[in-house]
There are 2 protein chains.
Amino acid sequence: MERMTRQKRAVLHALAHSGRSLHPAEIQSLAQEEVPTLNLSTVYRQLKALVGEQRIHKVELPGQPARFEAADVRSPSARADTHNDTHHHHFHCVLCEQVFPIQGCPGHMERFAPKGFQVESHDLTLHGRCANCAPRSQPAAR
Amino acid sequence: MERMTRQKRAVLHALAHSGRSLHPAEIQSLAQEEVPTLNLSTVYRQLKALVGEQRIHKVELPGQPARFEAADVRSPSARADTHNDTHHHHFHCVLCEQVFPIQGCPGHMERFAPKGFQVESHDLTLHGRCANCAPRSQPAAR
DNA sequence: GTATATGCAAACCCTTTGCACATCT
DNA sequence: AGATGTGCAAAGGGTTTGCATATAC
């Protein structure tokens with residue numbers, strides 16, 4: 001999957017312009033504005049290839065189907081001059097079901113591992129309401 | 001699902017005796033020692049019922065099929081006199097694929113949420129090697 | 001006896017795969 | 001042409017559901 005086909009470009013564009021994690025089906029819909037015949041299998045194949053190329057990341061949240069995000073996503077609150085964190089976690093809005101990248105990490109996970117267990121990585125997911133879905137707060141202009 | 005059938009008891013026993021989270025299929029195998037004809041659909045139906053009754057909890061880890069655990073599981077390192085924590089996280093062994101409850105929690109998750117986002121809950125999963133699978137450490141007697 | 005749970009098969013969702021056709025070089 | 005990617009349809013896991021039969025109360 002090293003050729004830059006119209007379908008591959010369309011998948012990449014969909015992810016690059018969204019700023020958040022998308023399901024394969026969402027990616028298909030968005031990318032079909034560029035390539036209307038784009039098949040879901042092709043989306044899956046390109047996603048796997050792009051993950052291999054490190055151009056995108058697979059985001060797996062508890063109990064949810066896999067999502068994908070551009071390799072350079074930033075939190076909505078990240079400043080432009082912030083260095084490009086590859087390690088980050090996610091916020092899952094329980095109302096609109098969107099998933100946003102977040103900055104920061106509690107760190108030092110070894111402290112929570114039972115004796116003799118070796119920690120290699122970790123995942124943290126926050127669940128709640130995003131700025132648009134939070135009650136009585138001004139919905140962010142969008 | 002309020003009747004105490006042989007199948008319900010078998011599902012409950014399987015979870016109560018394991019000390020860790022199990023997949024529906026694992027639960028079925030274990031419970032079939034008690035009720036050999038136990039069907040997977042019945043396992044799913046009973047699991048749903050038991051979750052409703054708060055007798056067990058559903059454990060969802062990123063990218064993995066759902067597991068279930070008895071409502072009173074403890075970390076392998078937990079002392080018997082420790083109070084019964086309902087809030088806990090999980091350690092997922094990347095080698096044997098077993099999932100263990102762990103104690104402790106970084107807390108204060110709001111600090112990681114972007115402005116305007118409201119945190120309602122969170123999940124933390126550690127990935128690595130359990131005591132039995134850790135390299136060059138004495139495998140724990142089991 | 002009657003309501004409810006079980007087993008079995010079919011169906012569902014998400015994801016992967018086989019294969020013939022299309023596309024890129 | 002030759003290699004690689006695409007679309008389509010079928011298949012594969014995990015989970016749910018409809019329905020006739022078996023079981024608990």
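Computed over heavy atoms, backbone and side chain alike; hydrogens, waters and symmetry mates excluded. Just so you know, these numbers come straight off a predicted model, no measurement behind them. To find a chain, count down the sequence lines: A is the first, B the second, and so on, and within it residues start at 1.
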Novice: To the nearest 0.5 Å, what is the distance between OH on B/Y44 and CD1 on B/I27?
Specialist: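 Spacing of OH (B/Y44) from CD1 (B/I27) equals 9.0 Å.
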Novice: Whole angstroms only, please: what is the OH-P distance between A/Y44 and C/dC13?
Specialist: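 In whole Å, C/dC13 P lies 13 Å from A/Y44 OH.
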Novice: From the 5' end of DNA chain D to its 3' end, which nucleotides mark the outer limits of contact with chain B, defined by a 4.0 Å heavy-atom distance cut-off (strictly under)?
Specialist: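 Extent of the interface on DNA chain D: D/dG14 to D/dC25.
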Novice: Please compare A/S41 and A/K8 by the position of their nearest nucleotide in DNA chain D and report the one closer to 5'.
Specialist: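 Its nearest nucleotide lies further toward 5', so the answer is A/K8.
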Novice: How long is the line joining CG of A/L40 and P of C/dT15, in whole Å?
Specialist: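 Checked: the CG to P distance equals 9 Å.
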Novice: Please check if any side-chain donor atom of B/Q98 sits under 3.5 Å from a side-chain acceptor atom of B/H92, or the reverse.
Specialist: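 The answer is no; no qualifying pair exists.
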Novice: Which is true for B/A25 with a 4.0 Å heavy-atom rule: it touches a base, it touches only sugar-phosphate, or it touches nothing?
Specialist: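 Nothing: the residue B/A25, judged by heavy atoms under 4.0 Å, touches no strand.
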Novice: Measure CD/A/Q28 against P/C/dT15 and give the value in whole Å, please.
Specialist: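 The answer, rounded to whole Å, is 12 Å.
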Novice: Are the charged groups of A/E120 and B/R129 less than 4.0 angstrom apart, N to O?
Specialist: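 Result for this pair is yes, salt bridge flagged.
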Novice: On DNA chain D, nearest-nucleotide positions of B/P65 versus A/N39: which is more 5'?
Specialist: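 Mapping each residue to its closest nucleotide by heavy atoms, the 5'-most match is A/N39.
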Novice: Rounded to the nearest Å, what distance is computed from the NE2 atom of residue A/H23 to the P atom of nucleotide C/dC14?
Specialist: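 Rounding to the nearest Å, NE2 of A/H23 and P of C/dC14 are 8 Å apart.
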Novice: Roughly how many Å is it from NZ in A/K48 to P in C/dT17, rounded to a whole number?
Specialist: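 Going from NZ in A/K48 over to P in C/dT17 covers 6 Å.
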Novice: Strictly under 4.0 angstrom, non-hydrogen atoms only: write out the protein contact profile of nucleotides 19-25 of chain C, one letter per nucleotide from the 5' end, B, S or -.
Specialist: ----BB-
Novice: What distance separates A/H57 NE2 from A/L47 CG, expressed to the nearest 0.5 Å?
Specialist: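 The NE2 atom of A/H57 sits 13.5 Å away from the CG atom of A/L47.
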Novice: In whole angstrom, what separates A/E26's CD from C/dT15's P?
Specialist: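 In whole Å, C/dT15 P and A/E26 CD are 12 Å from each other.
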Novice: What residue pairs, at least two apart or across chains, pass salt bridge (Lys or Arg N to Asp or Glu O under 4.0 Å) with a residue in residues 42-56 of chain B?
Specialist: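 Every pair satisfying salt bridge (Lys or Arg N to Asp or Glu O under 4.0 Å) with a residue in residues 42-56 of chain B: B/K8-B/E53, B/E53-B/R55.
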Novice: Please report the closest heavy-atom contact between B/P106 and B/L124, naming both atoms and the distance.
Specialist: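 Of all heavy-atom pairs spanning B/P106 and B/L124, the closest is CD-CD2, 3.8 Å.
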Novice: Would you please say whether a donor-acceptor pair under 3.5 Å links the side chains of A/H23 and A/E97?
Specialist: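 Looking only at side-chain atoms, A/E97 and A/H23 do not form any donor-acceptor pair under 3.5 Å.
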Novice: Ignoring hydrogens and geometry, is there a side-chain-to-backbone donor-acceptor pair from A/E110 to A/V119 under 3.5 Å?
Specialist: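 Side chain of A/E110 to backbone of A/V119, a donor-acceptor pair under 3.5 Å: no, none is there.
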Novice: Centre-to-centre under 6.0 Å for B/H122 and B/H87, is that the case here?
Specialist: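 Yes, close enough.
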